[in-house]
Amino acid sequence: MSKKDNYAVIMAGGVGSRFWPVSKTSNPKQFHDMLGTGKSLLQHTFLRLAKLVPARQILILTNSEYVDLVNQQLPDIDNSQVIAEPAMRNTAPCILLSALKINKENPEARMIVAPSDHWIEDEAAFAKDVHLAFEACSQQDLLMTLGIKPTFPNTGYGYIKYRKEDSEVVKRVEKFTEKPDYPTAQSFLKAGNYLWNAGIFIWKTSFIIDQYQQFLPGMFSVFEKSWSKLNTKEEDSFLEKHYPQFENISIDYGILEKAKQVGVIEASFDWSDLGTWGSLHNQLPKDENENVSINAQSVFIDSTNTILRTSKGKIAIIKGLHDYIVVESDESLVILPKTDEQEIKTIRNLVMDKFGKNHG
C-alpha cells in the first residue's frame, strides 16, 4: 500500500453556531484556537493528516466565504487544494466532488474524509486506526468508518450498529441511526454493539463514486456530464451554475445508510467533536474545583465546574458561579448555565434579529 495513493479531504465549511459568540458565520470555530494551544482546530487537523498523507494531497472543502481564512491559516498549501463550495449543501455533494477530483488525478487513490473541528489527542493511535482502514478498503470494496465506543447515552451523536458476532478488527456495519432519543440511546449502550459515528470515512475513490452512481444517480449524472471541467479553470463556473441545485443531503443518509459494503473500526484514540462549550470544558485541564480558563488571567472564588473564555490576557474574576459558561468575544459577553447550552443557537438568532446579522 503506497502512501502516494493516500489523499485526505478536510470538511471546513460549517458555521459552528453552538460556539457563539466566539464562532460566527464570518469566522467559524474551525478557524479559532478553541483550546488555547496556539493553533486553530483546522491547523491541528491538517497537521494530523499530513503525517498520513502527502501535504500536497490534502484538500480543504470550505464555503467560498472562508477561502481567505483557509489561505491565511494554511499559507503553504496550493490554491488547487482549496475547494470552494458556492452554496452549503451538506456532505454528500462535496464528498462526491472531492472524490471525482482526486480520482481524475489518480484512479488508484484512497481518501480519508475528516471534519475540521474534532479534537484527537493520541495521534499515534489515530494514525494506526487510519492505516488499518486504508488497508481494509484496499483489499476489498468497503466503505470504512471509524466509530467511537460510547461512554454514555448521548442523544447528540449518530450511532453505528455492527454485527455482534464479528471478532475481527474490521466489523461489518448493520445499520446507521441518526441522533436517537434518550431511551433508545440507553438501549444501544446496553446492547454493546453500537459505536458513535465520528464522521471520519475512508474508501477507494473508485468505489465511493460507484456508490453515488447507484444511490444518488441524479447528483452523479450532473458531475459525469462535466467530468472534463474538473481540475481545470472551468471548474468554478460549473460549480457556480450547478452546485446550488444539488439536494441538501448528508453522506450518511444519501449513501452509507443504503450501502451494503460498509465496515467500521472501533477507534483506539480519544475523541471529541467539540460541539459545545460543555464538551470543550471536558477536554481541558481543570483547577481543583473543576473550573476551566481559556486565555484569561483568571481568579475563581466560590465557583465550581465553570468554563471561562476571554480575549488573550484579560484579567477575569468569577465569584459564586456553579456549572456556568462565561464567554467574551470582541463585542459580546455570554453568561449562562451549562444546562442551557443547547439554547445558544436560539440566543444567537435573537441577537441577530435585534442587533443585525453581523453579530451572528
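For the single chain, residues carry numbers from 1 onward in sequence order. Note that the structure is predicted; figures quoted are calculated from it, not measured.
With ring centers used as reference points, Tyr157 lies under 6.0 Å from Trp271. Ring to ring, Phe246 and Phe223 are close: their centroids are under 6.0 angstrom apart.
Atom OG1 of Thr145 sits about 14.0 Å away from atom NZ of Lys171, to the nearest 0.5 Å. Note that CD of Glu235 is 3.5 Å distant from NZ of Lys101, once rounded to the nearest 0.5 Å. Interatomic distance, OG of Ser40 versus CD of Gln73, reported as 3.5 Å (0.5 Å rounding). With rounding to the nearest 0.5 Å, the separation of CE in Met34 from NE2 in His44 is 12.0 Å. The structure places CD1 of Ile112 at 13.0 Å from NE2 of His131, a figure rounded to the nearest 0.5 Å. Taking CD1 of Ile95 as the start and CD of Gln211 as the end, the distance is 13.5 Å to the nearest 0.5 Å.
Salt-bridge check for Lys39 with Asp33: failed, with every basic side-chain N at 4.0 Å or more from each acidic carboxylate O. One finds no salt bridge joining Asp323 and Lys338 here, because no Lys/Arg side-chain nitrogen approaches an Asp/Glu carboxylate oxygen to under 4.0 Å. A salt bridge is absent between Glu341 and Arg18: the closest approach of a Lys/Arg side-chain nitrogen to an acidic carboxylate oxygen does not fall below 4.0 angstrom. The pair Arg309-Glu328 does not meet the salt-bridge criterion, since no charged nitrogen lies less than 4.0 angstrom from a carboxylate oxygen.
In this structure, a donor-acceptor pair under 3.5 Å is absent between the side chains of Glu174 and Tyr162. Remark: the Asn197 side chain and the Asp252 side chain contain an N/O donor-acceptor pair separated by less than 3.5 Å. In this model, no donor atom of one side chain and acceptor atom of the other lie less than 3.5 Å apart for Arg110 and Thr205.
Cluster annotation: Ile202 is not connected to Ile102 through the hydrophobic network of ILVMFWY side chains, with a link wherever side-chain heavy atoms come within less than 4.5 Å. Leu59 and Ile10 are members of different hydrophobic clusters when ILVMFWY side chains are connected at heavy-atom separations under 4.5 Å. Neither Met11 nor Met88 shares a network with the other; the hydrophobic side chains, linked directly or stepwise wherever heavy atoms of I, L, V, M, F, W or Y lie under 4.5 Å apart, form separate groups for each. Linking Ile, Leu, Val, Met, Phe, Trp and Tyr residues whenever their side-chain heavy atoms come within less than 4.5 Å places Ile148 and Met144 in a single cluster.
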Q) Stepwise, does the salt bridge (Lys or Arg N to Asp or Glu O under 4.0 Å) test hold for Arg172 with Asp166? A) CA-CA 7 Å; Arg172 293 305 283 255; Asp166 284 358; over 6 Å; no
Q) Run the salt bridge (Lys or Arg N to Asp or Glu O under 4.0 Å) check on Lys175 and Glu257 step by step: do they pass? A) CA-CA 7 Å; Lys175 187 183 176 187; Glu257 289 181 17; over 6 Å; no
Q.
Between Ile325 and Thr276, does the side-chain contact (heavy atoms from CB on, under 4.5 Å) criterion hold? Intermediate values first, please.
A. CA-CA 10 Å; Ile325 295 163; Thr276 63; over 6 Å; no
(Q) Pair Asn291, Ser303 - check side-chain hydrogen bond (donor to acceptor under 3.5 Å, both in side chains), show working. (A) CA-CA 8 Å; Asn291 298 306; Ser303 297; 5.6 Å; no
**Q.** side-chain hydrogen bond (donor to acceptor under 3.5 Å, both in side chains) evaluation trace for Glu290 with Thr304
**A.** CA-CA 6 Å; Glu290 298 294 301; Thr304 58; over 6 Å; no
Q.
Quick one, Tyr7 with Glu105, criterion side-chain hydrogen bond (donor to acceptor under 3.5 Å, both in side chains). Give me CA distance, side-chain angles, the key distance, then yes/no.
A. CA-CA 11 Å; Tyr7 289 72; Glu105 180 181 310; 3.0 Å; yes
Q | Verdict with reasoning, Asp181 to Thr184, per side-chain hydrogen bond (donor to acceptor under 3.5 Å, both in side chains) | A | CA-CA 5 Å; Asp181 58 25; Thr184 305; 2.5 Å; yes
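Of all heavy-atom pairs spanning Val170 and Ala136, the tightest one is CG2-CB, 3.8 Å. The two residues Leu256 and Phe201 have their closest heavy-atom pair at CD1-CE2, 3.4 Å.
When each of His359, His32, Glu331 is tested with Lys24 by the rule side chain to side chain donor-acceptor pair (under 3.5 Å), just one qualifies, namely Glu331. The only option from Asn193, Thr177, Leu195 that meets the side-chain contact (heavy atoms from CB on, under 4.5 Å) definition with Phe188 turns out to be Thr177.
Summarising the local packing, NZ of Lys258 is surrounded by more than 12 heavy atoms from other residues, nucleotides or ligands at distances under 6.0 Å. Within a 6.0 Å radius of CD in Glu168, other residues, nucleotides and ligands contribute 12 heavy atoms or fewer. For Glu108, the CD atom is loosely surrounded, since the number of other residues' heavy atoms within 6.0 Å does not exceed 12.
Cation-pi contact between Lys104 and Trp227: present, with separation from the ring centre below 6.0 Å and deviation from the ring axis of at most 45°. Cation-pi geometry between Lys128 and Phe269 is not satisfied (NZ or CZ under 6.0 Å from the ring centre, within 45° of the ring normal).
Taking 4.5 Å as the limit, every side-chain heavy atom of Ile160 sits out of range of all side-chain heavy atoms of Trp196. Taking 4.5 Å as the limit, every side-chain heavy atom of Phe31 sits out of range of all side-chain heavy atoms of Gln43. Residues Asp353 and Val351 have side chains not in contact (no heavy-atom distance under 4.5 Å, counting atoms from C-beta outward).
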Side-chain donor/acceptor pairs under 3.5 Å, residues 60-69, sequence neighbours excluded:
from  : atom 1 : to    : atom 2 : distance (Å)
Thr62 : OG1    : Ala12 : O      : 2.8
Asn63 : OD1    : Glu65 : N      : 3.0
Tyr66 : OH     : Thr25 : O      : 2.5

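Counting only residues at least two apart or in different chains, ring pair (Phe, Tyr, Trp, His ring centres under 6.0 Å) contacts with residues 287-344 are absent.
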